[in-house]
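Each remark here refers to the structure printed beneath this line.
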Amino acid sequence: MTVAFEELPPVSAFPVVPGRRWGPDLWWSATTGRHVAAGSNAMRVQLMVRDRDADVTGLAGRPVRVMWREERGRVRSWVPQLFARYRDGTGLLADCPSHPEAGGDRAVKAAEAVSTACEEIGWAYRRLAPLDDVLTANLKWLAGYRHPRHRGRTGLLEAVVDEFERPRPLVEGVAAVGDPIEVLPVAFHALWAGLLVAAIDVPLHERVLVQAPASGGGLGLSGAGTAAETAAGLVRASGRSGERGAAPWTAGGGGRGACAFRRSAVAGRGPVPAGLPPGR
């Protein structure tokens with residue numbers, strides 16, 4: 001029986017480290033409508049990036065253990081933190097360190113082996129660099145409006161998008177549609193979903209310029225980008241184009257010996273239950 005990685009629960013629990021501000025939790029994915037296990041704040045942010053990417057169709061936390069044999073015959077294993085499935089069927093295995101040195105030499109050697117295994121099947125492995133603080137804060141804010149309930153009453157989302165056919169300050173477009181208390185959450189949902197775009201690598205404020213992608217929208221960054229990349233909104237910072245090519249912290253070199261994926265059996269574990277994210 002074949003089971004897609006994005007359908008699997010974690011093969012092992014994320015560790016709880018005493019003294020850390022953030023611990024393991026669940027991320028409600030707008031892409032899948034289900035919870036994804038997240039082991040740290042850094043991983044949670046990277047889940048947000050993939051959850052906002054229109055090319056991603058599935059997400060999972062620690063769904064597979066990768067095993068390989070070193071030259072001296074010793075068996076090693078590693079459990080990547082994050083798995084993302086793309087629309088074209090390819091996959092990404094990734095770790096989400098909070099800083100470049102996290103994991104030490106063991107993580108570096110594991111990255112080489114896992115990267116080699118992924119390349120053999122046309123996938124990719126990456127150690128994903130943390131995002132800029134401003135970009136992270138903006139992404140977390142928009143993520144609070146990712147649930148479909150923030151589309152508002154029938155026709156309101158369409159009215160909001162139409163109002164930003166040309167670039168205009170957020171507060172002006174919202175006021176033109178109706179009561180800001182009702183309309184602002186819908187505008188934030190549209191920004192999350194890529195139906196509207198704005199520069200999110202600079203602090204968001206009420207007069208940030210917002211527009212619909214069809215009117216020339218870019219990446220959602222203060223620079224520029226292609227319209228096809230709009231929905232991801234973070235390609236230059238940490239998106240798919242960086243994952244497919246050379247990028248910081250990319251595992252280099254070939255792994256040693258044979259390497260294989262293995263799904264570990266975990267007794268008594270079922271699918272992560274679906275549910276709703278906390279509301280604002």
Side-chain angles (χ1 to χ4, degrees), residues 28-33 45-57 59 84 86-88 131-132 134-244 277 279-280:
W28 186 86
S29 168
T31 299
T32 64
V45 172
Q46 297 296 346
L47 280 171
M48 293 180 196
V49 175
R50 274 81 212 163
D51 205 11
R52 194 168 179 249
D53 188 340
D55 285 336
V56 172
T57 60
L59 292 165
Y86 289 103
R87 195 174 302 280
D88 62 5
L131 303 187
D132 172 82
V134 171
L135 187 57
T136 297
N138 289 340
L139 189 59
K140 287 180 176 180
W141 177 263
L142 294 180
Y145 298 92
R146 67 191 181 278
H147 196 275
R149 63 171 172 257
H150 292 296
R151 294 172 63 94
R153 54 182 165 82
T154 303
L156 185 55
L157 179 62
E158 291 77 7
V160 170
V161 173
D162 289 345
E163 194 60 43
F164 289 97
E165 184 178 358
R166 61 178 178 81
R168 63 187 307 185
L170 174 63
V171 66
E172 292 183 9
V174 166
V177 176
D179 183 352
I181 293 178
E182 178 186 22
V183 179
L184 263 176
V186 180
F188 290 139
H189 176 78
L191 283 167
W192 165 267
L195 302 174
L196 296 176
V197 293
I200 61 171
D201 57 346
V202 294
L204 284 176
H205 53 86
E206 63 179 8
R207 301 206 59 84
V208 66
L209 286 181
V210 176
Q211 64 189 77
S215 61
L219 282 173
L221 297 168
S222 57
T226 63
E229 294 167 328
T230 297
L234 295 166
V235 173
R236 175 151 48 107
S238 183
R240 194 177 179 192
S241 63
E243 292 165 1
R244 292 298 179 86
R280 284 197 185 277

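Residue numbers run from 1 in the order of the sequence given.
- Residues passing the salt bridge (charged side-chain N to carboxylate O under 4.0 Å, His left out) test with Glu172 are Arg207, sequence neighbours excluded.
- Minimum interatomic distance between Ala198 and Val210 (heavy atoms only, all atoms of both residues): CB-CG2, 4.0 Å.
- Between the side chain of Arg146 and the backbone N or O of Met48, no donor-acceptor pair lies under 3.5 Å.
- The minimum heavy-atom distance between Pro185 and Pro180, with the atom names listed, is CD-O, 4.0 Å.
- In this structure, Phe188 and Tyr145 have tilted ring planes: the angle between them lies in the 30° to 60° band.
- Summarising the geometry, atom CG belonging to Asp201 is positioned 11.5 Å from atom OG1 belonging to Thr136; distances are rounded to the nearest 0.5 Å.
- With rounding to the nearest 0.5 Å, the separation of NE2 in His147 from OG in Ser29 is 11.0 Å.
- The side chain to side chain donor-acceptor pair (under 3.5 Å) test applied to Glu182 returns Arg153, not counting sequence neighbours.
- Without hydrogens or angle criteria, Asp51 side chain to Thr31 main chain gives a donor-acceptor distance under 3.5 Å.
- A distance-only check finds a donor-acceptor pair linking the side chain of Arg87 to the backbone of Ala54 [under 3.5 Å].
- Between Val56 and Tyr86, the closest side-chain pair of non-hydrogen atoms falls below 4.5 Å.
- To the nearest 0.5 Å, the span separating CG on Leu209 from CZ on Arg166 amounts to 10.5 Å.
- The two residues Leu59 and Ala84 come nearest to each other via the heavy atoms CD2-CB, 3.9 Å.
- Among Val160, Leu196, Asn138, Ile200, the single residue meeting the side-chain contact (heavy atoms from CB on, under 4.5 Å) criterion with Leu191 is Leu196.
- A heavy-atom distance below 4.5 Å is not found between the side chains of Arg151 and Leu156.
- Nearest heavy-atom pair, Gly194 versus Pro213, reported as atom, atom and distance to 0.1 Å: O-CG, 3.2 Å.
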| request: Please test Leu170 against Phe164 for side-chain contact (heavy atoms from CB on, under 4.5 Å), starting from the C-alpha separation and ending with a verdict. | output: CA-CA 9 Å; Leu170 174 63; Phe164 289 97; 4.3 Å; yes
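- Taking NE2 from His150 and CG from Leu157, the interatomic distance works out to 12.5 Å, rounded to the nearest 0.5 Å.
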